[in-house]
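Computed from heavy atoms alone, side chains included, the values below leave out hydrogens, waters and symmetry copies. One-based numbering along the sequence shown.
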Amino acid sequence: MKFYHGAGCNDCMQTGMRGRMGIFELLRITDSLRQLIAEKPTAEQLSRSAPEDHITMREDGIAKILADQQHLTKS
C-alpha cells in the first residue's frame with residue numbers, strides 16, 4: 001500500500017490539506033453493555049463487549065485514510 005501527500009497550494013497554505021475532518025468512535029449502549037457498565041468494568045472488558053458493528057477511532061481513521069479523506073500524518 002502506498003500513501004501520497006498533497007503538494008500544497010496557496011488555498012491550503014502549502015500543507016496539502018484543506019479543512020478538518022474528525023475521527024470518531026461512538027459506543028452504542030446495548031442492554032448487556034448497560035449492565036456491564038453498572039459493574040464498573042475495565043476498558044478492555046468494555047472493548048470486548050462492544051456490539052459487533054462497533055467502529056473504533058483507529059478503524060475510523062484507517063478507513064478515512066484509505067478513502068483519501070484524511071492524511072496519514074494527521075491521524
Note to self: Looking at every heavy atom in both Asn10 and Gln14, which two are closest together, and how far apart are they?
What the structure shows: OD1-NE2, 3.2 Å
Next item on the list: Could you tell me the separation between the CD1 atom of Ile23 and the CD1 atom of Ile65, rounded to the nearest 0.5 Å?
Entry: 6.5 Å
Item checked: salt bridge (charged side-chain N to carboxylate O under 4.0 Å, His left out) involving Asp53 - partner list, sequence neighbours excluded -> Arg28
Item checked: Residues which pass side chain to side chain contact (heavy atoms under 4.5 Å, CB included) with Ala63, listed by chain and number, not counting sequence neighbours -> none
Side-chain donor/acceptor pairs under 3.5 Å, residues 32-42, sequence neighbours excluded:
unit_1 : atom_1 : unit_2 : atom_2 : d
Ser32  : OG     : Thr30  : OG1    : 3.3
Thr42  : OG1    : Gln45  : N      : 3.1
Thr42  : OG1    : Gln45  : OE1    : 3.4

Checklist line | Straight-line distance of His54 NE2 to Glu25 CD, nearest 0.5 Å | finding: 3.5 Å
Notebook entry, point to check: Going only through I, L, V, M, F, W and Y residues with side-chain contacts under 4.5 Å, is there a path from Phe24 to Met21?
Noted result: no
